[in-house]
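Notes follow the structure.
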Amino acid sequence: GAVVSQHPSWVICKSGTSVKIECRSLDFQATTMFWYRQFPKQSLMLMATSNEGSKATYEQGVEKDKFLINHASLTLSTLTVTSAHPEDSSFYICSAEEDRGLYGYTFGSGTRLTVV
Amino acid sequence: RKEVEQDPGPFNVPEGATVAFNCTYSNSASQSFFWYRQDCRKEPKLLMSVYSSGNEDGRFTAQLNRASQYISLLIRDSKLSDSATYLCVVNPSGFKTIFGAGTRLFVKA
């Protein structure tokens, strides 16, 4: 089945530093990947849609310069949280679609970011 | 009105009980529907797709009502291991996937 690998699974960083999260589709190509954020006891919130070879599409209220997305190949998308602050501490999850809208979306295992 | 709405619960049920969740969606053009399960501090995992004819997988039954724009999930003979948050997911054709806020289920011995 479709497998999405996300790395790292957890990270602690100091305020002001940048953190890069990788999302890889291991056995399929993903033209489109999605990045979500989830705060405790809240639902997944879509941050942006990552498109291979083109600019990401950001949801309203998500700062493009804060959350840099790069989707340089059909199997890899990265999310970089720049100048992280404690309020950026959250659970970040990526997902990729194997077949558009028919077989569901496969999620990475998530990255728990703690900014201190 | 939210694009996808779910009763947040929590639903507290004893083992062996039957429990049902509903989820309503606002976009009548929606084409694909799914139920996902999310355990605490874990990523969501696909539980089952929801087809127009309804589908069943063991103790789980999913149904779609296009006229009333809702989908349902029925869990029979609840197990302790069924305790989780159940997410309703709707994918309007050509548009982004929409997640419901989730319904929390606690199954108790």
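Chain identifiers are assigned alphabetically (A, B, ...) following the order of the sequence lines, protein sequences preceding nucleic acid strands; residue numbering begins at 1 within each chain. Keep in mind that what you see is a predicted model, and the values were worked out from it rather than measured.
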Determine, using ring centers only, whether B:Phe99 and A:Phe107 are less than 6.0 Å apart.
yes
Using the rule that Ile, Leu, Val, Met, Phe, Trp and Tyr join whenever any side-chain heavy atoms are under 4.5 Å apart, tell me whether A:Val115 and A:Val11 fall into a single cluster.
yes
Tell me whether A:Trp35 is reachable from A:Val62 by hopping between hydrophobic residues (I, L, V, M, F, W, Y) whose side-chain heavy atoms are closer than 4.5 Å.
yes
So which part of A:Glu59 gets closer than 4.5 Å to some heavy atom of chain B, the side chain, the backbone, both or neither?
side chain
Taken in chain and number order and not counting sequence neighbours, the residues that satisfy side-chain contact (heavy atoms from CB on, under 4.5 Å) with A:Thr57 are A:Thr49, A:Asn51
Any heavy-atom pair between the side chains of A:Gln6 and B:Glu43 that's under 4.5 Å?
no
For B:Arg59, check side-chain contact (heavy atoms from CB on, under 4.5 Å) against everything at least two apart and list the hits.
B:Ile75, B:Asp77, B:Lys79, B:Asp82
Would you check, one step at a time, whether the test side chain to side chain contact (heavy atoms under 4.5 Å, CB included) holds for B:Gln38 with A:Ile93?
CA-CA 12 Å; B:Gln38 185 175 25; A:Ile93 310 177; 4.3 Å; yes
If you round to the nearest 0.5 Å, how far is CH2 of A:Trp10 from CZ of B:Arg41?
13.0 Å
Hey, any chance B:Tyr36 and A:Leu46 share a hydrophobic cluster, counting ILVMFWY side chains that come within less than 4.5 Å of each other, even indirectly?
yes
Rounded at 0.5 Å granularity, tell me how far CD1 in B:Ile98 sits from CG in A:Leu44.
12.0 Å
Option in A:Ser95, A:Pro40, A:Gly108, A:Gly110 with maximal non-hydrogen atom pairs under 4.5 Å from chain B
A:Gly108
Are B:Trp35 and B:Phe60 connected into the same hydrophobic cluster when the rule is that any two of I, L, V, M, F, W, Y join if their side-chain heavy atoms are below 4.5 Å apart?
yes
